[in-house]
Amino acid sequence: MVSEKLKNLLNEAIAREIQVSIQYLWQHVLAKGFEGETVKGKLKEIAITEMKHAEAIAERLAYLGGTPTTKPNPITIGNTVREMIEIDKGEEEKAIELYKEIIKVAREEGDITTAKLFEEILADEEEHHDFFSSLLEG
């Protein structure tokens, strides 16, 4: 039996994953110019990865007896490609912080499966953060 705290954290993660999957997909559609062309494909790829994360987390939450949220966190697109990437980098930083907390709580509660799931997702989020950070550096 997992705590309501852990279930709530999983719903927070789902809301975030739905948010960024939509956000990155719309940025893929709206990114313009030379800079936009260089990141469009990767934004779409990351959006799909985030959708898969949302699905995996929702399945886990349902298994644990929770009800997955359907409401995303607020979506922020940005007006320029640079602004989009800065926003996205910040979103990945929030995800990394949240997912480390989920791993800690899951381990404390003896929920190894949830901890492992989030370790895998965390690796993806760190990769996304690195991508966005690299774009802003160069």
Side-chain angles (χ1 to χ4, degrees):
M1 183 71 183
V2 299
S3 68
E4 286 304 309
K5 176 182 180 179
L6 185 55
K7 289 179 190 175
N8 290 337
L9 286 169
L10 295 184
N11 254 332
E12 209 177 304
I14 293 167
R16 186 221 156 261
E17 293 289 347
I18 296 170
Q19 168 213 344
V20 295
S21 64
I22 296 167
Q23 185 169 304
Y24 298 167
L25 195 60
W26 265 220
Q27 289 170 342
H28 152 76
V29 170
L30 297 171
K32 300 282 185 235
F34 178 75
E35 286 179 318
E37 290 304 317
T38 61
V39 298
K40 281 177 140 183
K42 188 68 175 175
L43 284 168
K44 181 178 178 180
E45 178 187 313
I46 293 172
I48 292 167
T49 300
E50 302 290 14
M51 272 182 239
K52 290 176 181 177
H53 290 168
E55 178 187 27
I57 299 164
E59 288 171 345
R60 184 66 188 155
L61 180 57
Y63 173 78
L64 295 172
T67 303
T69 186
T70 58
K71 295 184 92 151
N73 286 345
I75 297 164
T76 310
I77 304 298
N79 296 309
T80 65
V81 174
R82 180 166 193 84
E83 190 180 335
M84 291 174 183
I85 300 307
E86 286 169 351
I87 290 165
D88 298 348
K89 180 182 175 213
E91 290 302 329
E92 296 300 330
E93 288 166 358
K94 289 180 208 167
I96 290 166
E97 187 180 319
L98 174 62
Y99 296 173
K100 285 179 177 178
E101 182 184 356
I102 290 171
I103 292 165
K104 179 178 167 280
V105 172
R107 283 191 183 137
E108 286 169 357
E109 296 186 14
D111 184 354
I112 304 307
T113 305
T114 298
K116 273 188 171 171
L117 172 64
F118 275 89
E119 285 168 0
E120 292 169 13
I121 293 172
L122 177 61
D124 288 342
E125 303 302 350
E126 288 175 344
E127 189 180 299
H128 302 163
H129 181 263
D130 184 55
F131 172 73
F132 294 134
S133 296
S134 296
L135 284 176
L136 292 170
E137 287 167 12

Would you call R60-D111 a salt bridge at under 4.0 Å N-O? yes

Kindly list each side-chain donor-acceptor pair under 3.5 angstrom involving residues 5-12, sequence neighbours excluded, with atom names and distances?
| from | atom 1 | to | atom 2 | distance (Å) |
| --- | --- | --- | --- | --- |
| K7 | NZ | E4 | OE2 | 3.4 |
| N8 | ND2 | E4 | O | 3.3 |
| N11 | OD1 | T69 | N | 2.7 |
| N11 | ND2 | T67 | O | 3.0 |

How long is the straight-line distance from CG of L25 back to CG of L30, given to the nearest 0.5 Å? 9.5 Å

Verdict with reasoning, E92 to K89, per salt bridge (charged side-chain N to carboxylate O under 4.0 Å, His left out): CA-CA 5 Å; E92 296 300 330; K89 180 182 175 213; over 6 Å; no

CG (L135) and CZ (F131) are apart, to the nearest 0.5 Å, by 4.0 Å

Decide side chain to side chain contact (heavy atoms under 4.5 Å, CB included) for R16 and Y99; before the verdict, give the C-alpha distance in whole Å, the side-chain angles of both, and the deciding distance to 0.1 Å. CA-CA 11 Å; R16 186 221 156 261; Y99 296 173; 3.5 Å; yes

What distance do I112 atom CD1 and E119 atom CD have between them, rounded to the nearest 0.5 Å? 8.5 Å

Give a yes or no on whether the backbone of P72 and the side-chain of Q19 come within a donor-acceptor separation of less than 3.5 Å. no

How long is the span from the CD1 atom in I18 to the CD atom in E55, to the nearest 0.5 Å? 11.5 Å

Pairwise side-chain contact, I77 with M84, heavy-atom cut-off 4.5 Å (strictly under): yes

For a side chain to side chain contact (heavy atoms under 4.5 Å, CB included) with Q27, tell me which candidate from I85, L43, I75 qualifies. L43

Taking salt bridge (Lys or Arg N to Asp or Glu O under 4.0 Å) as the definition, give me every residue that meets it alongside E37, ordered by chain and number, with sequence neighbours left out. K40

Considering only heavy atoms from C-beta outward, does the side chain of H128 approach that of T49 to under 4.5 Å? yes

Once you round to the nearest 0.5 Å, how far does NE2 of H53 lie from CG of L117? 8.5 Å

Knowing that exactly one of E50, K44, E45 qualifies, which makes a side chain to side chain contact (heavy atoms under 4.5 Å, CB included) with I48? K44

Which pair of non-hydrogen atoms, one from A115 and one from A106, has the smallest distance, and what is that distance? N-CB, 3.8 Å

Worked verdict on Q23 versus I87 for side chain to side chain contact (heavy atoms under 4.5 Å, CB included): CA-CA 10 Å; Q23 185 169 304; I87 290 165; 3.5 Å; yes

For residues P68 and I14, report the shortest heavy-atom separation together with the two atoms involved. CB-CD1, 3.9 Å

To check you understand the geometry: which heavy-atom pair defines the closest contact between A54 and E17, and what is its length? CB-CB, 3.7 Å

Side chain to side chain contact (heavy atoms under 4.5 Å, CB included) assessment of D88 paired with I46: CA-CA 11 Å; D88 298 348; I46 293 172; over 6 Å; no

Evaluate the criterion side chain to side chain contact (heavy atoms under 4.5 Å, CB included) for residue pair N73 and E91; output intermediate values, then yes/no. CA-CA 11 Å; N73 286 345; E91 290 302 329; 5.8 Å; no

In Å and rounded to the nearest 0.5 Å, what is the CG to CD1 distance from L98 to I103? 9.5 Å

Side-chain donor/acceptor of E125 to backbone N/O of I96, under 3.5 Å: no

Write down the atom of A31, the atom of V81, and the distance for their closest heavy-atom approach. CB-CG2, 4.0 Å

Does this structure show an ion pair linking K116 with E120, if we count only N-O contacts that are shorter than 4.0 Å? no

If you look at every heavy atom in A13 and I57, which pair is closest and at what distance? CB-CD1, 4.0 Å

